[in-house]
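All values reported here derive from a predicted model rather than from experimental measurement.
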Amino acid sequence: MHLKRHLRSLALPLVAGVLLTTAACGDDGDGGAGGKESPAKSGAGSLAGVCPETVTVQTSWLPNATAFGPLYALLGEDPEVDADRKRATAPLVADGRDTGISLELRAGGPAIGFAATSAQMYTDEDIDLGVVGGFDEIVQLSATQPTTAVLALLEKDPTMIYWDPETYPEFETIEDVGKSDTTVLYSGGDTYMEYLTGAGILKKDQVDGSFDGSPARFVASGGKLASSGYAAEDPYMFENEIDDWMKPIKGQLVYEAGYPIYGPSLVVRPEAKAELAPCLEKLIPVVQQSQVDYLRDPDAAIATIVDIAGQYKGGDVLTEGIAQYGIGEMKRLGIASDHAEGEDTTVGNFETARVREIIDIVEPIFAEQKKPVKDGLKPADVVTNEFLDPAIGHGG
């Protein structure tokens, strides 16, 4: 299974042996939840009578250990798996305790005809929460199918541009690639590429939007092409699982090139937010704690995810090796983190200034594409920290 595709519901690439610089942005807790005790930490985890009997979450791709790990970690033992519809259901267990409700995780991507999570949430109102693969999707659909992000599952989007370091030893950054005539493969429609070319980091005449997610063209070129990919699993796959390559590649996060979007985020439809608010007050801290616990001890959850992924037919193959590698890279690169710099230690929150920067970057891109965002769009229109427990973080 390739993180590339599940995170954005679009086919993106693979990778191995990555060089990625880390910088980041802190989360300053705009609209924070005010110091309440976490149900996950306190053990007072009953969600019965407050949440729906089954909380249904639509994810953006097939089961994955990088983006969705903390959610799958909340599934109790022996989940009921519907392999045809690609859904897994089990009691929602937090801190080893049954919370009194069930959790249903629905696969996205090919399981729902490659529809965007936001669109699916408006088609099927049985869905309580969704995982939007790319944060820019929330901005893009703010006028037509709005969602509000209530928790960032990943601090940074793991999209990268990679190349063969043997062919291009002079490349250290995406900007270096742009100074050459090297063709860069990507999936047409990805907003980050509009940013890279619009900012002059890559040239419009060197990018090729026909990438289908397969490593075949990169491999066949002997490494003469560059490509988009995902840092948390592609490097491992290129070095260990792609028989015709089996050596490192090198790359840089698009985030580090000035495109500061968050990774996959948990969202709710605005009109459902008030009704679900009592549930979210208790549920979101449970997910926060799961984010922390998952990075510290992922083995049991990874076993669950690999097992469920194996029961779904026709998807990418997720191995334990890929999953374990992803955990290490998420930590190393700050892809999953409570903070990247500064003193903020809350996991999953959004920084107002950063969200404002994202809006300012992508709004003119969508306007040029005749996909205008909501008039006067503000950070508060697309994110909220009101359900988060500010005391829950990886440093605690």
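No side-chain N or O of Tyr186 forms a donor-acceptor pair with one of Ser227 less than 3.5 Å apart. Inspection of the Glu175 and Thr173 side chains reveals no N or O donor paired with an N or O acceptor under 3.5 Å. Remark: the Glu53 side chain and the Ser102 side chain contain no N/O donor-acceptor pair separated by less than 3.5 Å.
Both cation-pi conditions hold for Lys156 and Tyr255: the charged atom is under 6.0 angstrom from the six-membered ring centre and inside a 45 degree cone around its axis.
Atoms CG and CD1, on Leu154 and Ile335 in that order, are 7.5 Å from each other to the nearest 0.5 Å. Distance check: Thr159 OG1 to Met193 CE gives 10.0 Å after rounding to the nearest 0.5 Å. Between Glu80 atom CD and Glu104 atom CD the span is 9.0 Å, to the nearest 0.5 Å. Atom OH of residue Tyr72 and atom OG1 of residue Thr304 lie 10.5 Å apart, to the nearest 0.5 angstrom. From Glu137, atom CD reaches atom OG of Ser142 across 11.5 Å, with rounding to the nearest 0.5 Å. Taken from CH2 in Trp61 to OG1 in Thr66, the straight-line distance is 14.5 Å, to the nearest 0.5 Å.
Hydrophobic clustering of Ile, Leu, Val, Met, Phe, Trp and Tyr side chains at less than 4.5 Å, counting indirect connections, keeps Leu62 apart from Ile112. Following chains of ILVMFWY side-chain contacts shorter than 4.5 Å, one can reach Tyr262 starting from Ile359, so the two form part of one hydrophobic cluster. In the hydrophobic cluster analysis, where Ile, Leu, Val, Met, Phe, Trp and Tyr join through side-chain heavy atoms closer than 4.5 angstrom, Tyr122 is grouped apart from Val150. In this structure, Leu92 is not a member of the same hydrophobic cluster as Val50, with clusters built from ILVMFWY side-chain heavy atoms closer than 4.5 Å. Hydrophobic clustering (side-chain heavy atoms under 4.5 Å, transitive across Ile, Leu, Val, Met, Phe, Trp, Tyr) keeps Ile322 apart from Met246.
Ion pair Arg354/Glu155 flagged as a salt bridge, since at least one NZ, NE, NH1 or NH2 atom sits closer than 4.0 Å to an Asp/Glu carboxylate oxygen.
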### side-chain contact (heavy atoms from CB on, under 4.5 Å) evaluation trace for Thr99 with Val93
CA-CA 6 Å; Thr99 62; Val93 175; over 6 Å; no
### Task
Please report the C-alpha distance between Arg332 and Glu329 in whole Å, then the side-chain angles of each, then the deciding distance to 0.1 Å, and finally whether the salt bridge (Lys or Arg N to Asp or Glu O under 4.0 Å) criterion is met.
CA-CA 5 Å; Arg332 186 176 74 87; Glu329 288 302 277; 2.9 Å; yes
### Task
Give the intermediate values and the outcome of salt bridge (Lys or Arg N to Asp or Glu O under 4.0 Å) for residues Asp95 and Arg97.
CA-CA 6 Å; Asp95 196 27; Arg97 296 175 173 83; 3.0 Å; yes
### Query
Hey, mind stepping through Phe350 and Phe135 against side-chain contact (heavy atoms from CB on, under 4.5 Å) and telling me if it holds?
CA-CA 11 Å; Phe350 298 97; Phe135 189 86; 3.8 Å; yes
### Message
Assess the residue pair Phe218 and Trp245 against the criterion (ring pair (Phe, Tyr, Trp, His ring centres under 6.0 Å)); give the C-alpha distance rounded to whole Å, side-chain angles, the decisive distance to 0.1 Å, and a yes or no.
### Response
CA-CA 10 Å; Phe218 178 85; Trp245 191 260; 4.9 Å; yes
### Task
Would you sort out whether Arg356 and Glu351 count as a salt bridge (Lys or Arg N to Asp or Glu O under 4.0 Å), showing the intermediate values?
CA-CA 9 Å; Arg356 179 71 263 172; Glu351 179 189 8; over 6 Å; no
### Message
For Tyr195 and Tyr259: C-alpha separation, side-chain torsions, deciding distance, then whether ring pair (Phe, Tyr, Trp, His ring centres under 6.0 Å) applies.
### Response
CA-CA 7 Å; Tyr195 161 75; Tyr259 192 64; 5.4 Å; yes
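With Ser118 as the fixed residue, the side chain to side chain contact (heavy atoms under 4.5 Å, CB included) test singles out one of Ile138, Thr144, Thr147, Thr123: Thr147. Checked against Arg106 for a salt bridge (Lys or Arg N to Asp or Glu O under 4.0 Å), the options Asp128, Asp126, Asp124, Asp82 give a single hit: Asp124. Val131 pairs in a side chain to side chain contact (heavy atoms under 4.5 Å, CB included) with only one of the listed residues (Leu105, Leu71, Val267), which is Leu71. Between Arg217 and the choices Asp212, Asp208, Asp244, the salt bridge (Lys or Arg N to Asp or Glu O under 4.0 Å) rule is met once, by Asp208.
Pairing each heavy atom of Ile161 with each of Ala226, the nearest pair is CG2-CB, 4.4 Å. When all heavy atoms of Gln206 and Asp181 are compared, the pair lying nearest together is NE2-C, 4.0 Å.
In terms of the side chain to side chain contact (heavy atoms under 4.5 Å, CB included) criterion, residue partners of Pro298 (sequence neighbours excluded) are, by chain and number, Tyr294, Ile302, Gln324, Ile327. Scored by the ring-ring contact (aromatic ring centres under 6.0 Å, His included) test, Tyr168 finds Phe171 as partners (sequence neighbours excluded).
Checked by atom type and distance alone, the side chain of Thr346 never pairs as donor or acceptor with a backbone atom of Asn349 at under 3.5 Å. Of the possible donor and acceptor atoms, none in the side chain of Lys250 sits under 3.5 Å from a partner among the backbone N and O of Asp164. With hydrogens and angles disregarded, no donor-acceptor distance shorter than 3.5 Å links the side chain of Thr54 to the backbone of Pro52. Panel note: side chain Asn240, backbone Tyr236; a donor-acceptor pair is recorded below 3.5 Å.
In this structure the side chain of Leu280 reaches within 4.5 angstrom of the side chain of Leu129, judged on heavy atoms. Taking the side chain as every heavy atom from C-beta outward, Phe387 and Leu151 never approach each other to under 4.5 Å.
More than 12 non-hydrogen atoms from other residues, nucleotides or ligands lie less than 6.0 angstrom from CD of Glu271. Annotation for Glu320: atom CD does not count as buried by contact number, only 12 or fewer foreign heavy atoms lying within 6.0 Å. Other residues, nucleotides and ligands place no more than 12 heavy atoms under 6.0 Å from the CD atom of Glu77. Around CD of Glu275, the count of heavy atoms belonging to other residues, nucleotides or ligands within 6.0 Å does not exceed 12. Annotation for Asp360: atom CG counts as buried by contact number, over 12 foreign heavy atoms lying within 6.0 Å.
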